[in-house]
Amino acid sequence: MTEKLIKDSDIAIQINDLNLWYGTTHALKDISIDIPRNKVTSLIGPSGCGKSTFIRCLNRMNDLIRSCRIEGEVLVDGENIYDDNVDVVELRKRVGMVFQKPNPFPMSIADNISYGPRIHGEKDKKRLESITEEALSSAALWDEVSDRLSKSALDLSGGQQQRLCIARTLAVKPEIILFDEPCSALDPISTAKIEELIMDLKNEYTIVIVTHNMQQAARISDYTAYFLLGELIEYGDTEQIFENPQEKSTEDYITGRFG
Amino acid sequence: MVFKRQHKERLLESTLFIVSSITIIILFLICLFLFRDALILFRTESLIDFISGSFWYPTSEPPLYGLLPLLLGSLVVTFGAICISVPLGITSAIYISEIANPKIADFLKPFVEILAGIPSVVYGFFGLVVLAPYIQNLLDLPTGQVALTGSIMLAIMALPTIISISEDAISSIPSSMREGSLAMGATRWQTIYKVVLPAALSGISAAVMLGMGRAIGETMTVMMVTGNAAVIPGMPEGIVESVRTMTATIALEMGEVPMGSEHYHALFAVGSVLFIMTFLINLIADLIKNKYRFKLEGS
C-alpha cells in the first residue's frame, strides 16, 4: 500500500518492521511506513496507541528510557539510525523535536535560541544574532519579542513559549521536525498560530506531527497514519483517510465512535 | 451538637497555636539570654578591643579577650572545608541524580544520608588517630593536629548536607528541560552543564550555604583535631598550623570559668558572634532559595 503512496525519491524517513518493547510490553508492532519529504504527516489514534512512542523512535529519544528495546530499521536519507556507528548528536541535529508541553530553558529568549548553534560550535556573536532573528521570524515570534530578547523566556505566554521552542529547533537547521502534540497545552488562538506556522514550515522541512485532535490532522496534514494498540492500522492521503477510510476501525475512530 | 463541634475545633486550633508558639518563645529566650550575658562583658571591656584584639589570653594578668584568633581560626577551617566539600559534593550530586543507574542511585543516596548520622565525636576520633598522623607524615609537620585536618574532617561532615540538598535541587528540574536540550543534539554533559546546573543553581547554593553553616558550628570534631592553639593563623601557612575555633574555645573553657566572671561573659560574646554568623548564613541560603524559585517560575 505505502509503496504506491510515495515515490522512492520523495521518501524522507523509511521505517521497516519497527518493533518496540517497554520491558515486556510490546508497544509498537511491525510498523512499516514511509514519511514523505516536505510534507506534513500526522499520526492519530486514541491515547496509548503508541503514536508518541513511535515519533520518539525517529530521533532516538527512546534511548533515554532504560527498559526500552527496539528492533527494525528507521532509515533517514537511506541510513539506519539504529546502526551502532550512528552519532546520536548528529542525528538529533538533523531531526529536531517540539514537545507536548512548552519547555523553554530558564534563560533569556535570545539565549534559548542561540543554545543550539552554540553547543554545535558557533561562537561568532554576529552570526548568532542573525540566526536568532531568522529563527524567531520563521517561528512568527520576532515581532512580539524583538524588544525583550534579554528577558526570561519563562515570562512568555504558553503559546509564545511553544513558538519559542519551535524557533529554538529551527535555529539548529534540521531537515525534519517532529511535533509531539504541540498544541495540547494551548488555547485555540495559539493553536491556530502554531498550525499556520506548521503549514508554512513544510516548504522547507519534513514534518511529522502527533495529534489527538482529528480536525487538526485534517486541516494541516498531507498524509495521515492511524495507530491503534501499537499497530499501524491505516496510512494514506489525509483526504482519503478522512473521507473514505478503508478500515472499519479507522472510520469508527474518525467519526468519533470511540477514542 | 453544633456548639460542641465548634468548641472542639477551637480547642484543637488553640492547642496547636500554643505548641508552635512555645518553639518560637524558647528560641527567642535563648537569644535574649545569650545576648544579655554577652553584653555584660562590655561594661568592663571595650567592644573594639574585643573584636579587633589579636590575643586571646583569658588567664593572663590583665586578661586579654581578643576575638580575632578564634574568628580567623573558624574561618580558615571552614574555608578549607568548603573548598574540599563543594566540588566533591556537587559532582557526587550530579552523579547520583543524572548519571548513575537508578538502582545504584537508590542505594547511594541513603548511604550518603547515613553519613550525617554518625556522631561528631566519632569523626573526631577518626581524625585524631588516623588522619592527623597521616597528615603529619605526609607534610612532615611537627604535629598533625592542624587546620587542614579539621578542614578535611569538616568537609566529610558537610558532604551529606551538600550532596543531599544539591541532589534534590537537580532532581527537581523537570525532565522536559533535559529532553528539550538532548533533542537539539546536545550531549548529556552539555545538557547537565548548560541547562540543568544553571536551573538548579539556587538549590545548590543553598546546599553550599547550609554545609558551611554546619561546618562553622561544628565543635567536637574540630576541637579534637585542630590542636587548639589560639594564635592568629598566618596566610597561607596557617592551614598547616594549629588553630583554635570559636566553638572549640567555648567548649574547652566554659567548664572551667566561674559563673558570672568576665571570662564567662567573654565566652558568651564569642557565642553571640557565632550565632550571628550562622544566622546570616542560613538567612542567605533561604533568600537564594526563594529568589531563584521565583526566577524559575517567571514573574
Side-chain angles (χ1 to χ4, degrees), chain A residues 55-56 58-67 87-108 111-121 151-158 160-162 164-165 168-174 177-180 185, chain B residues 90 94-109 166 168-207 288-299:
Chain A
I55 203 173
R56 292 166 68 96
L58 305 183
N59 66 344
R60 291 187 55 172
M61 284 309 274
N62 286 326
D63 286 13
L64 304 177
I65 300 165
R66 281 168 205 272
S67 64
D87 179 2
V88 184
V89 165
E90 200 54 38
L91 167 73
R92 292 186 183 141
K93 230 169 107 178
R94 286 165 58 198
V95 186
M97 188 167 205
V98 175
F99 295 84
Q100 189 167 356
K101 242 182 93 197
N103 55 352
F105 303 134
M107 33 177 115
S108 74
D111 286 346
N112 260 278
I113 306 292
S114 59
Y115 178 76
R118 247 185 245 269
I119 56 172
H120 295 305
K151 295 275 162 59
S152 169
L154 299 167
D155 292 339
L156 297 173
S157 74
Q160 287 174 324
Q161 288 190 1
Q162 194 62 302
L164 180 76
C165 292
R168 192 171 75 181
T169 306
L170 297 178
V172 186
K173 305 202 188 307
I177 306 177
L178 311 173
F179 288 86
D180 187 2
Chain B
I90 295 176
I94 293 172
Y95 177 72
I96 292 175
S97 58
E98 295 289 308
I99 294 164
N101 184 308
K103 278 184 198 151
I104 296 177
D106 283 350
F107 175 78
L108 272 178
K109 207 176 175 204
S166 304
D168 286 343
I170 294 171
S171 308
S172 72
I173 302 305
S175 59
S176 64
M177 225 171 258
R178 296 183 184 88
E179 287 189 340
S181 169
L182 292 170
M184 292 171 72
T187 60
R188 193 149 72 151
W189 171 239
Q190 285 169 328
T191 301
I192 292 171
Y193 179 66
K194 295 190 167 162
V195 175
V196 176
L197 283 189
L201 193 65
S202 62
I204 294 173
S205 318
I288 297 173
K289 237 174 159 167
N290 290 334
K291 188 181 158 216
Y292 276 86
R293 185 179 307 145
F294 184 67
K295 196 178 148 201
L296 251 181
E297 283 165 4
S299 52

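Residue numbers begin at 1 in each chain, while the letters A, B, ... track the order of the sequences.
Looking at A:I119, the atoms closer than 4.5 Å to chain B (heavy atoms on both sides) sit in the backbone and in the side chain alike. Residue A:V95 touches chain B through its backbone alone, counting heavy-atom pairs closer than 4.5 Å. No part of A:P102 comes within reach of chain B, as not one of its non-hydrogen atoms sits under 4.5 angstrom from that chain. The contact between B:S181 and chain A is made by backbone and side chain atoms together, counting heavy-atom distances below 4.5 Å.
Remark: A:R92 engages no residue in a salt bridge (Lys or Arg N to Asp or Glu O under 4.0 Å) (not counting sequence neighbours). With sequence neighbours excluded, the residues forming a salt bridge (Lys or Arg N to Asp or Glu O under 4.0 Å) with A:R94 are A:D77, A:E79, A:E175, listed by chain and number.
Taking NZ from B:K194 and CE from A:M107, the interatomic distance works out to 9.0 Å, rounded to the nearest 0.5 Å.
A:R66 places a side-chain heavy atom less than 4.5 Å from the side chain of B:P102.
Residues A:M97 and B:A183 share a closest heavy-atom pair of CB-CB, 4.0 Å. Between A:R168 and B:G180 the shortest heavy-atom distance is NH2-CA, 3.9 Å. The minimum heavy-atom distance between B:G185 and A:V89, with the atom names listed, is O-CG1, 3.0 Å.
Between B:E179 and A:K101, none of the side-chain N atoms (NZ, or NE/NH1/NH2) sits under 4.0 Å from a carboxylate O, so this pair counts as no salt bridge.
The backbone N or O of B:S176 sits less than 3.5 Å from a side-chain atom of A:N103, completing a donor-acceptor pair.
Contacts with chain A (heavy atom to heavy atom, under 4.5 Å) involve these residues of residues 186-193 of chain B, listed by number: B:A186, B:T187, B:Q190, B:T191.
Sorted by first and then second residue, the ring-ring contact (aromatic ring centres under 6.0 Å, His included) pairs with a member in residues 87-106 of chain A read A:F105-A:Y115; sequence neighbours excluded.
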